[in-house]
**Q** 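I'd like to ask you about the structure that follows.
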Amino acid sequence: MSLLDDYAQICGNDVIAHLQQLAAPFHGARVVHVNSTRVGGGVAEILTKMIPLMQELGIDASWEVITGESQFYECTKGMHNTLQGNQIHLSDKLLGVYERTNAENAESLRESLTEADFVFIHDPQPAALLQHFPNRKGKWIWRCHIDASHPYRPVWKYLRKFIVPYDASIFSLAAFAHELPHPIYLIPPSIDPLSDKNIELEPGAVRQVYEKYRLDPERPLILQVSRFDRFKDPIGVIEAYQLAKKYLPSLQLVLAGGEATDDPEGGVVLGEVQEAAYGDPDIHILLLPSDAHLEINALQRAADITLQKSIREGFGLTVTEAMWKGKPVIGGDVGGIRLQVINHHTGFLASTPEGAALRIRYLLYQPEKIREMGEKARVFVRDNFLITRHLREYLALMVALLYESQDRIELSCSSLNQEIHDL
Ligand code: UDP
């Protein structure tokens, strides 16, 4: 059975037929996605399945990863933090490393990117590649996954000059979008229901994580899965847990994280988290390898409630993942979390540890609410945040760019032609 047949079982045949129809003009077209890490973080999660799905639709899709020295990642992490609002000065030296690394990567990617029909550049790390392709053949799209709603101006101004020449930009939601002299598309990210991270598991797999990490299945469990990053507010999660534990002494907390290879700050933040959790045997800090997808899946199913107490968040795939498993999410009232956590329906929005603690108590005292909100959460994800919807919007964007000089774009003409032919 093909990958598309597998998705048809979850989303229905109509969804797949629509994808095939939209992909028809792109049979054999070269589509290259470029980012800066193959594992760790949401972008890598999405591309892992987006590429094979595009290939099954007849598109010649591929995924390139740019590489650099530690100073490059220091600089791009600084860009990430400043786009999310931190006021950090990036030295000319670091920006020089950024530009040089992009120039070097442009050389190694020259053939693939010059010939590509569509190039999707993800986030700021590879954004400066475009200037090295004056003879590019295809359309280049800058895809911003970050909460760039309140960027530190000097850094946005610097990055903007690399982004202006693109043919289009994509932001995850309207609040993040910036004025640019090309079309802006709003496309939220998605999860893959068939990946190891999200696939249905046997109850035995959930029991195994309880045993492996010495968690007590009889006691309530709350979970946050996130890189150790201050924007994810792991310390705030510990505070919320401590406040709730005063009323629920049996409460357990798991903070599961790992390292993205392009995140140099993880170790420092992990140290801070370990210090804050010191002395409490019911706080479990798990450092998981980047391929621990089945384990994360099992932890998300084991938890009664998932937290994502971010103070900035581009989208928050961890939120989607937990909701898909029928869990209500208590999330920070920021960025893409707002798109997913519909307050009082699919979870709760909470801006402070006190607010989060209150919601933890509310839910754990009423298991039927956990079930009711969890069920709504799952349906909400099925209807809005699966990879098939994401792919459909990428294809629609490609159609729009392909025919951008035309006044009218007929999205269904290829299938109509086919139907007439078949009569
Ligand atoms: N993730 C993981 N291992 C970890 C931490 C996170 O596999 O230790 C995954 C998580 O399940 C999710 C993605 O990485 O799929 C994180 O995406 P999100 O949008 O939540 O945050 P980002 O890291 O992109 O800021």
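Note that ligands are numbered from 1 as they come in the structure, with each ligand's atoms numbered from 1 the same way. Excluded from the calculations below are hydrogen atoms, water molecules and symmetry mates; all remaining heavy atoms, backbone and side chain alike, are included. From a predicted model like this one, the values you see are computed outputs, not experimental measurements.
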**Q** Quick one: which of Glu321, Arg227, Gln308 has a heavy atom closest to atom 11 (O) of ligand 1?
**A**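 The option holding the nearest heavy atom is Glu321.
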**Q** Can you find an N/O atom of Lys197 closer than 3.5 Å to an N/O atom of ligand 1?
**A**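 Yes, at least one N or O pair falls under 3.5 Å.
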**Q** Check this for me - ligand 1, His293, N or O atoms closer than 3.5 angstrom, yes or no?
**A**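 No; the residue has no nitrogen or oxygen that sits under 3.5 Å from a nitrogen or oxygen of the ligand.
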**Q** Does the Asp123 side chain pair with the main chain of Gln125, one donor and one acceptor, at a distance under 3.5 Å?
**A**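 Not confirmed, Asp123 side chain does not pair with Gln125 backbone.
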**Q** Answer yes or no: is there a side-chain heavy-atom contact under 4.5 Å between Gln300 and Lys327?
**A**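 Answer no - side chains too far apart.
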**Q** Which option wins on minimum heavy-atom distance to atom 22 (P) of ligand 1: Lys232, Arg312, Glu295?
**A**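 Checking each option, the heavy atom nearest atom 22 (P) of ligand 1 is found in Lys232.
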**Q** Do Tyr362 and Phe348 have ring centres separated by under 6.0 Å?
**A**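 Yes, the ring of Tyr362 comes within the 6.0 Å limit of the ring of Phe348, centre to centre.
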**Q** Counting each atom of ligand 1 from 1 as listed, which ones have a heavy atom of Gly316 under 4.0 Å away?
**A**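 The atoms of ligand 1 under 4.0 Å from a heavy atom of Gly316 are 19 (O), 20 (O).
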**Q** Please work out whether any backbone atom (N, CA, C, O) or any side-chain heavy atom from C-beta onward of Thr318 is under 4.0 Å from ligand 1, and answer side chain, backbone, both or neither.
**A**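 The answer is both.
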**Q** On a heavy-atom basis, which atom in Met323 and which in Gln340 lie closest, and how many Å separate them?
**A**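 Closest heavy-atom pair between Met323 and Gln340: CE-O, 3.3 Å.
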**Q** Does Gly42 reach ligand 1 with a nitrogen or oxygen that is under 3.5 Å from one of the ligand's nitrogen or oxygen atoms?
**A**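 N/O-N/O distance under 3.5 Å: yes.
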**Q** So for ligand 1, is Leu317 a polar contact partner (N or O within less than 3.5 Å, distance only)?
**A**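 For ligand 1, there is an N or O atom that lies under 3.5 Å from one belonging to Leu317.
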**Q** Please determine if Arg143 forms a cation-pi arrangement with Phe120, meaning its NZ or CZ atom is less than 6.0 Å from the six-membered ring centre and no more than 45° off the ring axis.
**A**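 Because its charged atom misses either the 6.0 Å distance or the 45° angle limit, Arg143 does not stack over Phe120.
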**Q** Can you tell me if His145 has a non-hydrogen atom under 4.0 Å from ligand 1?
**A**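 Under 4.0 Å: no for His145.
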**Q** Looking at Trp63, is Arg38 sitting on its ring face, NZ or CZ under 6.0 Å from the six-membered ring centre and within 45 degrees of the normal?
**A**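 Pair Arg38/Trp63 counts as cation-pi.
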**Q** Taking distance alone, with no angle check, do Gly258 and ligand 1 share an N/O pair under 3.5 Å?
**A**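 Between Gly258 and ligand 1 (N or O atoms, distance only) the closest approach is under 3.5 Å.
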**Q** Is the distance between the ring centroids of Phe118 and Phe26 under 6.0 Å?
**A**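 When the ring centroids of Phe118 and Phe26 are compared, they turn out to be within the sub-6.0 Å range.
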**Q** Kindly say whether the aromatic ring centers of Phe162 and Tyr166 come within a distance under 6.0 Å.
**A**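 Centroid separation for Phe162 and Tyr166: 6.0 Å or greater.
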**Q** With a cutoff of 4.0 Å, is Ile296 in contact with ligand 1, counting heavy atoms of the residue only?
**A**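 Yes, that is the case, since the closest heavy atom of the residue is under 4.0 Å from the ligand.
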